[in-house]
Student: 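Supplied in structure tokens, the structure appears directly below.
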Amino acid sequence: DVSGALCISQAWPGMARTIYNDHKRFLETYLTPYPGFFFTGDGVYRTSEGYYQLTGRLDDIINISGHRLGTAEVEDVVNHHVAVAESAVIGYPHEIKGEGKMLSFLPQNISPGAMALHGYTQETLAAELQELISKKIAKYAAPDYVQVT
């Protein structure tokens with residue numbers, strides 16, 4: 001069980017060969033960070049059984065009150081919640097913090113009655129997810145807004 005940057009050792013058909021009018025940037029972005037490998041820009045988790053799970057873009061960072069936070073970190077915590085099928089975290093301009101963040105998530109395909117049976121409303125689930133993020137990462141990582149889609 002290990003996580004890190006997803007890098008490819010061999011080229012494949014259709015792979016990018018440059019960035020238009022900026023070949024130096026292409027080399028610095030994709031070939032220099034891990035010599036001998038093509039850096040995809042994605043994070044990955046590999047299980048002990050050899051399965052790979054993409055965790056998100058490594059360059060997708062939000063700066064919250066001077067703390068650099070990867071959106072994939074927050075999404076990973078939220079996606080482990082039993083009631084969440086998928087999630088996305090986005091940053092937006094914030095007057096005090098520099099950037100704020102909004103969490104949008106898609107609940108599992110369960111009926112409102114089943115959600116109520118487990119004690120969830122959209123508001124209680126949103127509050128539980130904010131608390132989960134606060135505990136697993138840090139208080140500053142909890143989103144300002146939570147949207148159920």
Student: To the closest 0.5 Å, what do you measure between OG1 (Thr29) and NZ (Lys24)?
Tutor: 11.0 Å
Student: Would you confirm whether the ring centroid of Tyr45 sits within less than 6.0 angstrom of the ring centroid of Tyr51?
Tutor: no
Student: How long is the gap from NZ on Lys97 to OG on Ser65, to the nearest 0.5 Å?
Tutor: 6.0 Å
Student: Please give me the minimum heavy-atom distance between Val146 and Ala126, naming the atom from each residue.
Tutor: CG1-CB, 3.5 Å
Student: Are Tyr30 and Phe39, when compared by the centres of their aromatic rings, separated by less than 6.0 Å?
Tutor: no
Student: If you group Ile, Leu, Val, Met, Phe, Trp and Tyr by side-chain heavy-atom gaps below 4.5 Å, do Tyr34 and Leu27 land in one group?
Tutor: no
Student: Determine whether a donor-acceptor pair (N or O, by modelled atom type, separation under 3.5 Å) exists between the side chain of Gln130 and the backbone of Pro143.
Tutor: yes
Student: Linking I/L/V/M/F/W/Y whenever any side-chain heavy atoms sit under 4.5 Å apart, do Val2 and Val44 land together?
Tutor: no
Student: Does atom OH of Tyr92 have more than 12 heavy-atom neighbours, drawn from other residues, nucleotides or ligands, at distances under 6.0 Å?
Tutor: yes
Student: Is it the case that more than 12 heavy atoms not belonging to Arg25 sit under 6.0 Å from its CZ atom?
Tutor: no
Student: Quick check: closest heavy atoms across Gly56 and Ala72, and the distance to 0.1 Å?
Tutor: CA-CB, 3.9 Å
Student: How are the rings of His67 and Tyr140 set relative to one another: parallel (under 30°), tilted (30 to 60°) or perpendicular (over 60°)?
Tutor: parallel
Student: Strictly below 4.0 Å, N to O, side chains only: are Arg46 and Asp1 in salt-bridge contact?
Tutor: no
Student: So, taking the atom named CZ in Phe38 and the one named CG in Leu6, what distance separates them when rounded to the nearest 0.5 Å?
Tutor: 9.5 Å
Student: Show the nearest heavy-atom pair for residues Glu75 and Val89, with the distance to one decimal.
Tutor: OE2-N, 2.8 Å
Student: With rounding to the nearest 0.5 angstrom, report the CD1 to CD1 distance, Ile62 to Ile90.
Tutor: 8.0 Å
Student: Should Leu58 and Asp42 count as side-chain neighbours, where that means a heavy-atom distance under 4.5 Å?
Tutor: no
Student: Tell me, with the steps shown, if Leu132 and Val78 meet side-chain contact (heavy atoms from CB on, under 4.5 Å).
Tutor: CA-CA 8 Å; Leu132 182 64; Val78 171; 5.9 Å; no
Student: Rounded to the nearest 0.5 Å, what separates atom CG in Asp144 from atom NE2 in His94?
Tutor: 5.0 Å
Student: Is Leu31 reachable from Trp12 through a run of I, L, V, M, F, W or Y residues, each pair having side-chain heavy atoms under 4.5 Å apart?
Tutor: yes
Student: At their closest point, which heavy atom of Glu28 faces which heavy atom of Thr32, and how far apart are they?
Tutor: CA-OG1, 3.5 Å
Student: Does the Thr18 side chain pair with the main chain of Tyr20, one donor and one acceptor, at a distance under 3.5 Å?
Tutor: no
Student: For the side chain of Glu99 and the backbone of Pro93, is there at least one donor-acceptor N/O pair under 3.5 Å apart?
Tutor: no
Student: Treat each ILVMFWY residue as a node, draw an edge where side-chain heavy atoms are under 4.5 Å apart, and state whether Ile64 and Ile61 are in one component.
Tutor: no
Student: Mind checking the CD-NE2 spacing from Glu128 to His81? Nearest 0.5 Å is all I need.
Tutor: 3.5 Å
Student: Using the rule that two of Ile, Leu, Val, Met, Phe, Trp, Tyr join whenever any of their side-chain heavy atoms come within less than 4.5 Å, decide whether Val84 and Leu54 are in one cluster.
Tutor: no
Student: Would Asn79 and Ser87 count as having a side-chain donor-acceptor pair, cut-off 3.5 Å?
Tutor: yes
Student: Compute whether any side-chain donor of one residue and acceptor of the other, for Thr55 and Asp76, lie under 3.5 angstrom apart.
Tutor: no
